[in-house]
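Here the structure comes first, spelled out in structure tokens, and everything after it is commentary.
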Amino acid sequence: MKTLFLATLFLPIAFAAELTLSSPLNHQVCQQNTPLKISGSLPQAAKNKLTLEARLSENLWTKIGFLSAGKTNFTARLNSTQTGWHRLELRTKSKGDILHTGSVARLGIGEVFLIAGQSNSANHGAKKLTAQSGMVTSFDGTKWQIANDPQGGASGRGGSFIPPFGDAMAKRFDVPIGIVSIGSGGTSVREWLSKGSRFPNPPTVLNKVTQLENGEWESKGLLFDKLADRLRILGPNGFRAILWHQGESDANQRDSTRTLPGALYQKYLTQLVQESHRVAKWKAPWFVAQASYHTPDDPGSPDLRAGQKALWTSGTALEGPDTDALTGANRDKDGKGVHFSALGQKNHGQAWAQKVAPWLEQQLTPIEVFILAGQSNMEGQGVVSMDHAKYYNGGKGNLVWSMQNSSSKEKMAHLRDGDGNWVERDDVEISFKAHDKVRKGQLTVGYTGYGNHSHIGPELQIGHVLGDHFTAPVLLIKTAWGGKSLHKDFRPPSASVDTGEYYTKMIAEVRDALNVLGNRPYQLKGLIWMQGWNDMVSKEATAEYADNLVLFAQDLRAEFKAPTLPFIIGELGNGGPSKEGTGMHTFRQIQRSGTARISNARFVATTQFARPKELSPNPGHGHHWFGNAESYFLIGDALGREMISMLGKK
């Protein structure tokens, strides 16, 4: 009976058909913090609707999708935060029976790098090196294998810097490292441009370019097509960065007409970066090395190096290693060659690791994300420097004036550096969409609906307070529109009637900003809400405000799967203290009582931050705190500090 029982127990698996997996492949390394793409096919079309399930190693089975009756091919995604090497198993089920099974024996989840350029990025080094860690594999366009030289997909039959680079990164981060190498020896950046890209002078080697009747030259796009193929295979956020080592074939050519000036090098490589982003469908980071060395008699081109450096300073690329400094014993042919010796290959790999690793450590640190939402006073109406006597009251109450004359001037001192420039924080970024255009960058003045540096909102000091508190980087996602009510425009889905148009837009803007982070981890830490004027002026909206505020918090938390997301609600404090019985007084009481009904939420009083209209740049704009920059600064300070206090509460 025991034998019969066991046979019956395992019968569904014993007779399961084998499915074919096209992705991932054996020995493949998939980028961590990016959903794992699983695709393949059944040996024949499904007779019924099938459930797709997958698991890594000995984890529980996870439902990842369905396959409709009559279908053969499938694509699904598996979310996993487990780095390391795994066995991936896949199965289909129908009514509890297992009908198909498939597996990948060795699958890595770690860090993936695409390496491109010319010979010193490929297999033209003096010695074939091997990956020593057992943690590094490479992709040749068809299959993955241990990353021993020569690297599949790149030119040459010799050695490369890739094994020592991969081993160094694997040791430092203790994760599998995947390499996709496509370097091509002797190529100019001009040859890497997409098909049809034109330039006045040809590179030294002409087999990848064509001369036109008018005398111009254009790229055949062969190398770009190869790059595009790998980008499509890897998919959006499917790798960490592109490492670019190239320049020797553009610097100091024997025929000077074929030498590429540094400014044009910057232009063409910028074009290549932008075209790669278009194909990849995400802004993959590029690292650009300084590479222009030929021989001891021609140790580099200052002009080309300046062009490469300009890519860093412009923000187009990140700083790669200075490989022109690897001279002497680091070069082949007894130090007289352009390619690297065995020693040079190892030092080249270490040089890349020394540039990439610190940046990667930052990328792996979760970003602390805060949502700032509301209407025009969150959008920002504090005047920065405009001081027209008639239109801005001579500048009284603007930010410049307030930093010199207000009671908060010492508290505001950090907003400017020693040279009088507005500080830009590299540890706090802000994303704000206005007029259908997203502006994202380092926190500073000007992230308002005006599209320049003329105004501030609460976000400026909120960001400074949060940035000073957290050691991790901070991202503020600001989503705000003037003249909008919670009663109608931000109306949450759980309230009766239709969901507000701007509630939907707010969710979309937050999602878009989070998607831009790609495979960068983040933690949604809290939401700060500054809104109310358009509800205060309506008796009907005022009466419903507390209920709508509770539902607003409830629905947002459900949307982002954050049931305890901290909420800070800023008081509609315009004009200072209000008289009992007025609409403003009633509304403020309702704001406070509504906040009290929300778990893990706090109300922040702001009336004390109102300043006289006589000392403000917009005396006629009471609904905008008279444009007083000190008011907006102090509101942001209070909101930010209350958020920190709330997060610190156990």
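Because the structure is a prediction, the values reported are computed rather than measured. Computed from heavy atoms alone, side chains included, the values below leave out hydrogens, waters and symmetry copies.
Tested against Lys440, the residues Ile430, Ile477, Leu475 include a single side-chain contact (heavy atoms from CB on, under 4.5 Å) partner, Leu475. Among Thr92, Leu19, Leu42, the one residue that satisfies the side-chain contact (heavy atoms from CB on, under 4.5 Å) test with Leu67 is Leu42.
Proximity of a side-chain donor or acceptor of Asp250 to a complementary backbone N or O of Val189 within less than 3.5 Å is detected. Side chain of Gln363 to backbone of Leu360: no donor-acceptor contact under 3.5 angstrom is found. At least one donor-acceptor pair under 3.5 Å links the side chain of Asn123 to the backbone N or O of Ser155. Between the side chain of Ser341 and the backbone N or O of Asn330, at least one donor-acceptor pair lies under 3.5 Å. No donor-acceptor pair closer than 3.5 Å links the side chain of Glu191 to the backbone N or O of Ser219. Using modelled atom types, one side-chain atom of Arg230 and one backbone atom of Asp140 make a donor-acceptor pair closer than 3.5 Å. A donor-acceptor pair under 3.5 Å is formed between the side chain of Thr137 and the backbone N or O of His27. Ser57 places no side-chain N or O within 3.5 Å of a backbone atom of Asn59 that could act as its donor or acceptor partner. A donor-acceptor contact shorter than 3.5 Å links the side chain of Arg331 to the backbone of Val338. Between the Ser197 side chain and the Leu193 main chain, no donor and acceptor come within less than 3.5 Å of each other.
In summary, the aromatic rings of Trp192 and Trp244 are positioned with their centroids under 6.0 Å apart. Close placement of the Phe113 and Phe165 rings is indicated, their centers lying within 6.0 Å of each other.
We find the CD-OG distance between Gln118 and Ser249 to be 3.5 Å, quoted to the nearest 0.5 Å. The distance from the CD atom of Glu89 to the CD atom of Glu58 is 7.0 Å, given to the nearest 0.5 Å. Here the CD1-CG distance, from Ile109 to Leu56, works out to 5.0 Å after rounding to the nearest 0.5 Å.
Heavy-atom contacts from other residues, nucleotides or ligands closer than 6.0 Å to NZ of Lys226 number more than 12. Around atom NZ of Lys309, no more than 12 heavy atoms belonging to other residues, nucleotides or ligands sit under 6.0 Å away.
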Evaluate the criterion side-chain hydrogen bond (donor to acceptor under 3.5 Å, both in side chains) for residue pair Asp149 and Ser160; output intermediate values, then yes/no.
CA-CA 7 Å; Asp149 287 333; Ser160 75; 2.7 Å; yes
Given side chain to side chain contact (heavy atoms under 4.5 Å, CB included), test Leu231 with Phe239 step by step and report yes or no.
CA-CA 9 Å; Leu231 293 174; Phe239 59 97; 3.5 Å; yes
Starting from the C-alpha separation in whole Å, work towards a yes-or-no answer on side-chain hydrogen bond (donor to acceptor under 3.5 Å, both in side chains) for Glu275 and Ser194.
CA-CA 8 Å; Glu275 289 177 331; Ser194 60; 2.6 Å; yes
Set out, in order, the CA-CA distance, both residues' side-chain angles and the distance that settles side-chain hydrogen bond (donor to acceptor under 3.5 Å, both in side chains) for Glu248 and Asn120, then state yes or no.
CA-CA 9 Å; Glu248 299 95 330; Asn120 281 320; 3.1 Å; yes
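Looking at residues two or more places apart in sequence or on another chain, you find no ring pair (Phe, Tyr, Trp, His ring centres under 6.0 Å) involving Tyr522.
A salt bridge between Lys95 and Asp97 is absent, with no side-chain N of the basic residue lying under 4.0 Å from a carboxylate O of the acidic one. One finds no salt bridge joining Arg172 and Glu111 here, because no Lys/Arg side-chain nitrogen approaches an Asp/Glu carboxylate oxygen to under 4.0 Å.
The shortest heavy-atom contact between Ala131 and Asn148 is N-OD1, 2.9 Å. The minimum heavy-atom distance between Thr72 and Gln44, with the atom names listed, is OG1-C, 4.1 Å. Contact record, Ala317 with Val288: CB-CG2, 3.5 Å, taken as the closest heavy-atom pair. Among all heavy-atom pairs drawn from Arg305 and Ser292, the shortest one is CG-OG, 3.6 Å. Across every non-hydrogen atom of Ser133 and Ala170, the tightest pair is OG-CB, 4.1 Å.
Side-chain contact check for Lys525 versus Phe470: some heavy-atom pair is nearer than 4.5 Å.
Residues Ser276 and Gln274 have side chains that never bring a donor and an acceptor to within less than 3.5 angstrom of each other. Side-chain atoms of Tyr265 and Gln246 form a donor-acceptor pair, as typed in the model, at a separation below 3.5 Å. In the model, Ser181 has no side-chain atom that pairs as donor or acceptor with a side-chain atom of Gln151 under 3.5 Å.
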